[in-house]
Amino acid sequence: MKRISLSLSILASFYFAQAHSQTIPTETFFRSDTISDVRISPDGSLLAMSTPAENFDRIVVITRDSSELVTQTSTSQGQIINDFQWEGNDELIISTSALRFDRSRSLPSGELFAFHVPSSTARAIAGRQAGELAFNSFSHILPSNDKEILVTRLEVSGRALGQRPLGATLRIPDVSARRSEVNIDNEVRGPIDSGALFADNQGIFRLAIANEAGQDAEVRYRTSADADWENISDQFSRSVADQALVIEPVGFSDDNKSFFFLTRGAVTTKELMKYEAGTITAVLGTDAFDINRENLVYAINSSEVIGVRLAGDYTEPSYFSQHEDVALQQKLDDFSPGEHIQV
(Lines give C-alpha, C1' and ligand atoms only; values in the text may rest on other atoms or scores of the structure.)
Protein backbone atom coordinates (compact mmCIF):
# COMPACT_ATOMS: atom_id res chain seq x y z
CA MET A 1 0.00 0.00 0.00
CA LYS A 2 1.25 3.49 -0.85
CA ARG A 3 0.83 6.07 1.89
CA ILE A 4 1.56 9.77 1.61
CA SER A 5 1.04 12.15 4.56
CA LEU A 6 0.51 15.89 4.77
CA SER A 7 -0.29 18.14 7.69
CA LEU A 8 -3.90 19.28 7.69
CA SER A 9 -2.80 22.85 8.35
CA ILE A 10 -2.20 23.52 4.64
CA LEU A 11 -5.70 22.53 3.60
CA ALA A 12 -7.06 26.04 4.00
CA SER A 13 -7.90 26.35 0.32
CA PHE A 14 -10.93 24.08 0.72
CA TYR A 15 -12.94 25.35 3.69
CA PHE A 16 -16.51 24.90 4.77
CA ALA A 17 -18.93 27.54 5.95
CA GLN A 18 -20.41 26.99 9.40
CA ALA A 19 -23.88 25.45 9.48
CA HIS A 20 -26.80 27.39 10.91
CA SER A 21 -30.08 25.92 12.12
CA GLN A 22 -32.64 27.47 9.84
CA THR A 23 -35.18 26.58 7.20
CA ILE A 24 -34.35 27.28 3.55
CA PRO A 25 -37.27 27.90 1.19
CA THR A 26 -37.29 25.15 -1.40
CA GLU A 27 -38.52 27.59 -4.01
CA THR A 28 -35.16 29.36 -3.66
CA PHE A 29 -32.88 26.33 -3.88
CA PHE A 30 -34.89 24.48 -6.49
CA ARG A 31 -34.82 27.24 -9.08
CA SER A 32 -32.90 26.08 -12.14
CA ASP A 33 -30.73 29.21 -12.07
CA THR A 34 -29.74 28.62 -8.42
CA ILE A 35 -28.55 25.00 -8.29
CA SER A 36 -26.28 23.03 -10.59
CA ASP A 37 -26.72 19.49 -9.29
CA VAL A 38 -28.54 17.62 -6.55
CA ARG A 39 -27.54 14.34 -4.89
CA ILE A 40 -29.70 12.47 -2.38
CA SER A 41 -28.05 10.45 0.40
CA PRO A 42 -28.37 6.65 0.20
CA ASP A 43 -30.86 6.58 3.10
CA GLY A 44 -32.95 9.30 1.43
CA SER A 45 -32.80 11.71 4.36
CA LEU A 46 -30.47 14.44 3.03
CA LEU A 47 -30.11 16.45 -0.16
CA ALA A 48 -26.75 17.88 -1.20
CA MET A 49 -27.02 20.70 -3.74
CA SER A 50 -24.23 22.48 -5.58
CA THR A 51 -24.74 26.19 -6.18
CA PRO A 52 -22.46 28.35 -8.33
CA ALA A 53 -20.99 31.70 -7.30
CA GLU A 54 -18.89 34.06 -9.40
CA ASN A 55 -15.58 32.21 -9.13
CA PHE A 56 -16.24 29.34 -6.71
CA ASP A 57 -18.94 26.80 -5.89
CA ARG A 58 -20.81 25.90 -2.73
CA ILE A 59 -22.49 22.68 -1.59
CA VAL A 60 -25.49 23.05 0.68
CA VAL A 61 -26.87 20.06 2.59
CA ILE A 62 -30.49 20.14 3.75
CA THR A 63 -32.93 17.64 5.19
CA ARG A 64 -35.25 16.15 2.60
CA ASP A 65 -38.42 16.30 4.71
CA SER A 66 -38.15 19.74 6.35
CA SER A 67 -35.65 21.59 4.11
CA GLU A 68 -33.63 22.53 7.20
CA LEU A 69 -30.04 23.52 6.60
CA VAL A 70 -27.64 20.89 7.94
CA THR A 71 -24.29 22.27 6.78
CA GLN A 72 -22.47 23.75 3.81
CA THR A 73 -19.01 23.86 2.27
CA SER A 74 -17.35 25.74 -0.56
CA THR A 75 -14.39 25.45 -2.87
CA SER A 76 -11.52 27.91 -2.81
CA GLN A 77 -11.52 30.96 -5.07
CA GLY A 78 -10.77 29.94 -8.66
CA GLN A 79 -11.99 26.36 -8.19
CA ILE A 80 -15.39 24.93 -9.02
CA ILE A 81 -17.00 21.55 -8.47
CA ASN A 82 -16.39 19.03 -11.23
CA ASP A 83 -18.43 16.24 -9.61
CA PHE A 84 -19.61 15.14 -6.17
CA GLN A 85 -21.13 11.95 -4.79
CA TRP A 86 -22.33 10.58 -1.48
CA GLU A 87 -20.12 7.93 0.13
CA GLY A 88 -22.43 6.43 2.73
CA ASN A 89 -24.74 8.85 4.54
CA ASP A 90 -22.04 10.97 6.20
CA GLU A 91 -19.43 11.77 3.54
CA LEU A 92 -19.44 13.71 0.29
CA ILE A 93 -16.60 13.01 -2.15
CA ILE A 94 -15.83 16.06 -4.29
CA SER A 95 -13.63 16.52 -7.35
CA THR A 96 -12.77 20.03 -8.48
CA SER A 97 -11.87 21.91 -11.64
CA ALA A 98 -9.76 25.03 -12.03
CA LEU A 99 -11.41 28.02 -13.68
CA ARG A 100 -9.88 29.11 -16.97
CA PHE A 101 -11.46 32.41 -18.06
CA ASP A 102 -14.98 30.98 -17.68
CA ARG A 103 -16.73 27.80 -16.54
CA SER A 104 -17.00 26.35 -20.03
CA ARG A 105 -13.19 26.21 -20.26
CA SER A 106 -12.46 24.95 -16.74
CA LEU A 107 -10.04 22.03 -16.42
CA PRO A 108 -10.15 19.18 -13.87
CA SER A 109 -7.65 19.79 -11.08
CA GLY A 110 -6.95 16.12 -10.39
CA GLU A 111 -7.70 16.70 -6.69
CA LEU A 112 -10.25 14.91 -4.50
CA PHE A 113 -11.77 16.10 -1.23
CA ALA A 114 -13.96 14.49 1.40
CA PHE A 115 -16.52 16.48 3.38
CA HIS A 116 -17.79 14.92 6.59
CA VAL A 117 -21.35 16.19 6.96
CA PRO A 118 -21.98 15.58 10.70
CA SER A 119 -18.84 17.51 11.74
CA SER A 120 -18.70 19.94 8.78
CA THR A 121 -15.08 18.93 8.22
CA ALA A 122 -13.38 19.01 4.81
CA ARG A 123 -10.04 17.45 3.98
CA ALA A 124 -7.98 16.68 0.88
CA ILE A 125 -7.76 12.95 0.17
CA ALA A 126 -5.88 12.82 -3.15
CA GLY A 127 -3.90 15.17 -5.37
CA ARG A 128 -1.59 18.11 -4.82
CA GLN A 129 -3.15 19.45 -1.63
CA ALA A 130 -2.95 15.97 -0.12
CA GLY A 131 0.79 15.99 -0.73
CA GLU A 132 1.13 13.76 -3.80
CA LEU A 133 2.05 14.22 -7.44
CA ALA A 134 -0.79 12.44 -9.22
CA PHE A 135 -3.86 13.44 -11.20
CA ASN A 136 -6.97 11.75 -9.77
CA SER A 137 -10.62 11.26 -10.62
CA PHE A 138 -13.05 9.01 -8.79
CA SER A 139 -14.14 6.05 -10.84
CA HIS A 140 -16.72 4.35 -8.66
CA ILE A 141 -18.36 4.68 -5.27
CA LEU A 142 -18.52 1.28 -3.60
CA PRO A 143 -22.01 0.92 -2.07
CA SER A 144 -20.90 -1.86 0.30
CA ASN A 145 -17.83 0.00 1.57
CA ASP A 146 -18.13 3.50 3.02
CA LYS A 147 -14.40 3.71 3.75
CA GLU A 148 -13.00 3.30 0.25
CA ILE A 149 -13.64 4.50 -3.28
CA LEU A 150 -12.19 3.55 -6.63
CA VAL A 151 -10.10 6.13 -8.46
CA THR A 152 -8.22 6.39 -11.73
CA ARG A 153 -4.85 8.10 -11.61
CA LEU A 154 -2.22 9.53 -13.90
CA GLU A 155 1.24 9.73 -12.36
CA VAL A 156 3.33 12.88 -12.57
CA SER A 157 7.06 12.73 -13.28
CA GLY A 158 8.82 16.08 -13.22
CA ARG A 159 6.47 18.36 -15.13
CA ALA A 160 5.10 15.62 -17.36
CA LEU A 161 1.78 13.86 -16.83
CA GLY A 162 1.82 10.12 -17.45
CA GLN A 163 -0.37 8.71 -20.21
CA ARG A 164 -1.21 5.16 -19.12
CA PRO A 165 -3.90 5.29 -16.41
CA LEU A 166 -3.82 3.43 -13.12
CA GLY A 167 -6.89 2.12 -11.36
CA ALA A 168 -6.69 1.89 -7.58
CA THR A 169 -8.53 1.76 -4.27
CA LEU A 170 -8.36 4.98 -2.26
CA ARG A 171 -9.06 4.76 1.46
CA ILE A 172 -10.86 7.77 2.91
CA PRO A 173 -8.96 9.01 6.00
CA ASP A 174 -10.84 9.16 9.27
CA VAL A 175 -12.22 12.60 10.01
CA SER A 176 -10.36 12.68 13.35
CA ALA A 177 -6.94 12.10 11.75
CA ARG A 178 -4.47 14.89 12.49
CA ARG A 179 -2.71 14.35 9.20
CA SER A 180 -4.14 13.79 5.74
CA GLU A 181 -2.96 10.48 4.28
CA VAL A 182 -3.24 9.27 0.71
CA ASN A 183 -3.77 5.54 1.07
CA ILE A 184 -3.60 3.80 -2.31
CA ASP A 185 -3.94 0.04 -2.73
CA ASN A 186 -4.76 -2.61 -5.34
CA GLU A 187 -3.26 -0.69 -8.26
CA VAL A 188 -4.10 -1.89 -11.76
CA ARG A 189 -2.25 -0.49 -14.76
CA GLY A 190 -4.42 0.01 -17.82
CA PRO A 191 -3.80 -2.05 -20.98
CA ILE A 192 -3.80 1.04 -23.25
CA ASP A 193 -1.14 3.75 -23.26
CA SER A 194 -3.79 6.46 -22.90
CA GLY A 195 -7.48 6.82 -22.10
CA ALA A 196 -9.26 5.79 -18.92
CA LEU A 197 -10.22 2.75 -16.84
CA PHE A 198 -13.71 1.82 -15.67
CA ALA A 199 -14.77 -0.54 -12.87
CA ASP A 200 -17.78 -2.80 -12.49
CA ASN A 201 -20.02 -2.87 -9.42
CA GLN A 202 -17.68 -5.21 -7.56
CA GLY A 203 -14.83 -2.73 -7.88
CA ILE A 204 -12.96 -4.66 -10.60
CA PHE A 205 -11.45 -2.58 -13.40
CA ARG A 206 -12.71 -4.35 -16.51
CA LEU A 207 -13.00 -1.73 -19.23
CA ALA A 208 -10.37 0.53 -20.79
CA ILE A 209 -11.20 3.06 -23.49
CA ALA A 210 -9.08 5.60 -25.33
CA ASN A 211 -10.77 8.30 -27.42
CA GLU A 212 -8.23 10.20 -29.49
CA ALA A 213 -9.17 13.15 -31.71
CA GLY A 214 -9.85 12.04 -35.28
CA GLN A 215 -9.44 8.32 -34.48
CA ASP A 216 -11.94 5.61 -33.67
CA ALA A 217 -12.13 4.61 -30.02
CA GLU A 218 -9.83 1.85 -28.82
CA VAL A 219 -11.59 -0.56 -26.44
CA ARG A 220 -10.17 -3.27 -24.15
CA TYR A 221 -12.42 -5.49 -22.02
CA ARG A 222 -12.04 -8.38 -19.60
CA THR A 223 -14.62 -10.62 -17.96
CA SER A 224 -12.96 -10.85 -14.52
CA ALA A 225 -9.95 -9.70 -12.52
CA ASP A 226 -8.00 -12.80 -13.57
CA ALA A 227 -8.97 -12.75 -17.25
CA ASP A 228 -6.81 -11.35 -20.04
CA TRP A 229 -7.68 -8.00 -21.60
CA GLU A 230 -9.32 -8.45 -25.02
CA ASN A 231 -9.28 -5.92 -27.84
CA ILE A 232 -12.97 -5.56 -28.79
CA SER A 233 -12.58 -2.35 -30.80
CA ASP A 234 -13.69 -4.02 -34.03
CA GLN A 235 -17.06 -4.88 -32.46
CA PHE A 236 -18.00 -1.20 -32.53
CA SER A 237 -18.62 0.72 -35.75
CA ARG A 238 -19.22 4.28 -36.84
CA SER A 239 -22.81 5.40 -37.18
CA VAL A 240 -21.74 8.32 -39.37
CA ALA A 241 -19.05 7.42 -41.92
CA ASP A 242 -17.09 10.67 -41.73
CA GLN A 243 -17.14 10.97 -37.91
CA ALA A 244 -14.64 9.15 -35.71
CA LEU A 245 -16.20 6.70 -33.26
CA VAL A 246 -16.30 8.06 -29.69
CA ILE A 247 -17.42 5.79 -26.83
CA GLU A 248 -18.28 7.20 -23.41
CA PRO A 249 -18.83 4.45 -20.79
CA VAL A 250 -21.44 5.32 -18.16
CA GLY A 251 -21.97 2.21 -16.04
CA PHE A 252 -22.25 -1.56 -15.58
CA SER A 253 -25.41 -3.59 -15.13
CA ASP A 254 -26.35 -4.94 -11.69
CA ASP A 255 -25.05 -8.40 -12.60
CA ASN A 256 -21.85 -6.94 -14.16
CA LYS A 257 -22.43 -8.91 -17.39
CA SER A 258 -22.91 -5.81 -19.56
CA PHE A 259 -21.93 -2.15 -19.68
CA PHE A 260 -23.70 0.98 -20.88
CA PHE A 261 -22.13 3.66 -23.06
CA LEU A 262 -22.99 6.82 -24.96
CA THR A 263 -22.08 7.29 -28.61
CA ARG A 264 -23.27 9.05 -31.74
CA GLY A 265 -26.28 7.42 -33.34
CA ALA A 266 -27.32 7.26 -36.98
CA VAL A 267 -28.89 10.73 -36.76
CA THR A 268 -25.71 12.12 -35.14
CA THR A 269 -27.24 12.72 -31.70
CA LYS A 270 -25.74 10.88 -28.71
CA GLU A 271 -27.61 7.71 -27.80
CA LEU A 272 -27.50 5.26 -24.90
CA MET A 273 -26.25 1.80 -25.88
CA LYS A 274 -25.49 -1.49 -24.11
CA TYR A 275 -22.72 -4.02 -24.73
CA GLU A 276 -23.10 -7.64 -23.61
CA ALA A 277 -21.12 -10.67 -24.79
CA GLY A 278 -20.33 -9.21 -28.19
CA THR A 279 -23.80 -7.84 -28.83
CA ILE A 280 -24.50 -4.09 -28.96
CA THR A 281 -28.06 -2.93 -28.37
CA ALA A 282 -29.57 0.53 -28.71
CA VAL A 283 -31.29 1.38 -25.41
CA LEU A 284 -32.57 4.90 -25.93
CA GLY A 285 -32.11 7.78 -28.35
CA THR A 286 -33.90 10.75 -29.82
CA ASP A 287 -33.27 12.73 -32.98
CA ALA A 288 -34.15 15.96 -31.12
CA PHE A 289 -31.10 16.28 -28.86
CA ASP A 290 -28.24 14.42 -27.21
CA ILE A 291 -28.48 12.14 -24.21
CA ASN A 292 -25.61 13.17 -21.93
CA ARG A 293 -24.16 11.69 -18.74
CA GLU A 294 -25.95 14.27 -16.59
CA ASN A 295 -29.30 13.06 -17.96
CA LEU A 296 -28.85 9.48 -16.77
CA VAL A 297 -30.70 7.94 -13.82
CA TYR A 298 -28.91 5.14 -11.95
CA ALA A 299 -29.95 2.33 -9.62
CA ILE A 300 -29.23 3.07 -5.96
CA ASN A 301 -26.50 0.52 -5.26
CA SER A 302 -24.98 0.02 -8.69
CA SER A 303 -24.02 1.93 -11.81
CA GLU A 304 -26.82 0.34 -13.83
CA VAL A 305 -28.64 2.94 -15.93
CA ILE A 306 -32.41 2.63 -15.43
CA GLY A 307 -33.69 5.79 -17.13
CA VAL A 308 -33.03 9.33 -18.23
CA ARG A 309 -34.25 12.78 -17.33
CA LEU A 310 -34.19 14.95 -20.42
CA ALA A 311 -34.26 18.72 -19.90
CA GLY A 312 -36.04 20.89 -22.44
CA ASP A 313 -38.44 23.60 -21.33
CA TYR A 314 -39.03 21.27 -18.39
CA THR A 315 -37.45 18.04 -17.16
CA GLU A 316 -39.10 14.95 -18.60
CA PRO A 317 -38.22 11.62 -16.90
CA SER A 318 -38.26 8.42 -18.93
CA TYR A 319 -37.66 4.93 -17.52
CA PHE A 320 -36.95 1.94 -19.75
CA SER A 321 -35.93 -0.56 -17.06
CA GLN A 322 -37.91 -2.97 -14.89
CA HIS A 323 -35.45 -2.41 -12.05
CA GLU A 324 -36.99 -2.19 -8.57
CA ASP A 325 -35.38 1.24 -8.01
CA VAL A 326 -37.53 2.84 -10.71
CA ALA A 327 -40.37 3.27 -8.19
CA LEU A 328 -38.11 5.23 -5.81
CA GLN A 329 -36.84 7.43 -8.62
CA GLN A 330 -40.42 8.23 -9.64
CA LYS A 331 -41.14 9.29 -6.05
CA LEU A 332 -38.12 11.61 -6.23
CA ASP A 333 -39.48 13.04 -9.48
CA ASP A 334 -42.73 13.87 -7.67
CA PHE A 335 -40.81 15.34 -4.73
CA SER A 336 -39.05 17.96 -6.86
CA PRO A 337 -40.70 18.20 -10.29
CA GLY A 338 -38.52 19.78 -12.93
CA GLU A 339 -35.22 19.07 -11.19
CA HIS A 340 -32.61 16.38 -11.76
CA ILE A 341 -31.93 14.49 -8.53
CA GLN A 342 -29.39 11.68 -8.39
CA VAL A 343 -29.11 9.00 -5.73
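Index from 1, following the sequence.
Between Arg293 and Pro249, the closest heavy-atom pair is NH2-O, 2.7 Å. Of all the heavy atoms in Val175 and Ser119, the pair that sits closest is CG2-OG, 3.6 Å. When all heavy atoms are compared, the tightest approach of Phe56 to Gln77 is CD2-NE2, 3.7 Å. Taking all atoms of both residues into account, the shortest heavy-atom contact from Ala217 to Asn211 is CB-OD1, 3.1 Å. Across all their heavy atoms, Pro173 and Arg123 have their closest contact at O-NH2, 2.7 Å. Between Pro165 and Ser194, the shortest heavy-atom distance links the atoms CD-O, 3.8 Å.
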>> As a quick check of understanding, evaluate side-chain hydrogen bond (donor to acceptor under 3.5 Å, both in side chains) for Asp254 and His323, giving each step before the final call.
In response: CA-CA 9 Å; Asp254 267 354; His323 197 284; 2.5 Å; yes
> When you look at Ser137 and Thr152, which way does the side-chain hydrogen bond (donor to acceptor under 3.5 Å, both in side chains) test go after all the steps?
Replying inline: CA-CA 6 Å; Ser137 58; Thr152 54; 2.8 Å; yes
>> As a quick check of understanding, evaluate side chain to side chain contact (heavy atoms under 4.5 Å, CB included) for Val70 and Leu46, giving each step before the final call.
In response: CA-CA 9 Å; Val70 176; Leu46 300 175; 3.8 Å; yes
> Hey, mind stepping through Leu296 and Ile291 against side chain to side chain contact (heavy atoms under 4.5 Å, CB included) and telling me if it holds?
Replying inline: CA-CA 8 Å; Leu296 302 178; Ile291 295 175; 4.0 Å; yes
>> Using side chain to side chain contact (heavy atoms under 4.5 Å, CB included), reason through Glu87 and Ile149 one step at a time and then give a plain yes or no.
In response: CA-CA 8 Å; Glu87 171 71 333; Ile149 62 173; 3.5 Å; yes
>> Apply salt bridge (Lys or Arg N to Asp or Glu O under 4.0 Å) to residues Arg206 and Glu230 and explain how you reach the verdict.
In response: CA-CA 10 Å; Arg206 292 176 47 204; Glu230 297 180 52; over 6 Å; no
Determine all donor-acceptor pairs shorter than 3.5 Å in which one atom belongs to a side chain in residues 276-284; sequence neighbours excluded.
none

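Looking at heavy atoms from C-beta onward, Ser95 lies out of side-chain contact with Phe113 at the 4.5 angstrom threshold. Counting heavy atoms from C-beta outward, His116 and Asp90 have side chains that approach closer than 4.5 Å. By the 4.5 Å heavy-atom criterion applied to side chains, Ile40 and Arg64 are counted as neighbours.
Hydrophobic clustering of Ile, Leu, Val, Met, Phe, Trp and Tyr side chains at less than 4.5 Å, counting indirect connections, unites Val219 with Leu245. Under the 4.5 Å side-chain heavy-atom criterion for ILVMFWY residues, a single connected hydrophobic cluster contains both Leu112 and Ile172. By the rule that hydrophobic residues join a cluster once side-chain heavy atoms approach within less than 4.5 Å of another member, Val60 and Leu47 end up as members of one cluster. Side-chain heavy atoms closer than 4.5 Å link hydrophobic residues (I, L, V, M, F, W, Y) into clusters, and following such links, even through other members, never connects Val250 to Phe198. The cluster map of Ile, Leu, Val, Met, Phe, Trp and Tyr, joined by side-chain heavy atoms under 4.5 Å apart, puts Val308 and Tyr298 in the same cluster.
Distance CD/Glu248 to CZ/Arg264: 10.0 Å, rounded to 0.5 Å. Once rounded to the nearest 0.5 Å, the distance linking CD1 of Ile306 with OG of Ser318 reads 11.5 Å. Taking OG of Ser224 as the reference point, atom CD of Gln202 lies at 10.0 Å (rounded to 0.5 Å). Residue Leu197 holds its CG atom at 10.5 Å from CG of Leu150, rounded to the nearest 0.5 Å. Interatomic distance, Leu262 CG to Asp290 CG, rounded to the nearest 0.5 Å: 9.0 Å. Atoms CG and CD, from Asn55 and Gln79 in turn, are 11.0 Å apart once rounded to the nearest 0.5 Å.
Distance alone, capped at 3.5 Å, places no donor-acceptor pair between the Trp86 side chain and the Pro42 backbone. The backbone N or O of Ser74 lies less than 3.5 Å from no partner atom in the side chain of Asp57, so there is not a single donor-acceptor pair. Using modelled atom types, no side-chain atom of Glu304 and backbone atom of Phe252 make a donor-acceptor pair closer than 3.5 Å. No donor-acceptor distance shorter than 3.5 angstrom exists from the side chain of Thr263 to the backbone of Ile247, with no hydrogens or angles considered.
Counting only residues at least two apart or in different chains, salt bridge (Lys or Arg N to Asp or Glu O under 4.0 Å) contacts with residues 209-227 comprise Asp216-Arg238, Glu218-Arg220.
The one candidate from Asp83, Thr75, Asn82 that meets the side-chain contact (heavy atoms from CB on, under 4.5 Å) condition with Thr96 is Thr75. Tested against Tyr221 for a ring-ring contact (aromatic ring centres under 6.0 Å, His included), the candidates Trp229, Phe259, Phe205 yield a single pass: Phe259. Evaluated for a side-chain contact (heavy atoms from CB on, under 4.5 Å) with Ile125, the options Val151, Ile94, Leu170, Asn136 yield exactly one hit, Leu170. When each of Asp200, Asp325, Asn201 is checked for a side-chain contact (heavy atoms from CB on, under 4.5 Å) with Ser302, only Asn201 meets the rule. Thr73 pairs in a side-chain contact (heavy atoms from CB on, under 4.5 Å) with only one of the listed residues (Ile59, Thr121, Val117), which is Ile59.
Listed by chain and number, the residues in a side chain to side chain donor-acceptor pair (under 3.5 Å) with Asn292 are Lys270 (sequence neighbours excluded). Legend: residues meeting side chain to side chain donor-acceptor pair (under 3.5 Å) with Ser45, ordered by chain and number and at least two apart, are Asp43. For Ser253, the side chain to side chain donor-acceptor pair (under 3.5 Å) partners at least two apart in sequence or on another chain are Asp255, Ser258. Applying the side chain to side chain donor-acceptor pair (under 3.5 Å) criterion to Ser97, with sequence neighbours excluded, gives no partner residue.
Judged purely by distance below 3.5 Å, without hydrogens or angles, the side chains of Asp65 and Thr63 never pair a donor atom with an acceptor atom.
Taking the six-membered ring where the residue is Trp, the centroids of Phe260 and Tyr275 are separated by 6.0 Å or more. Separation of the Phe261 and Phe236 ring centroids falls under the 6.0 Å cut-off.
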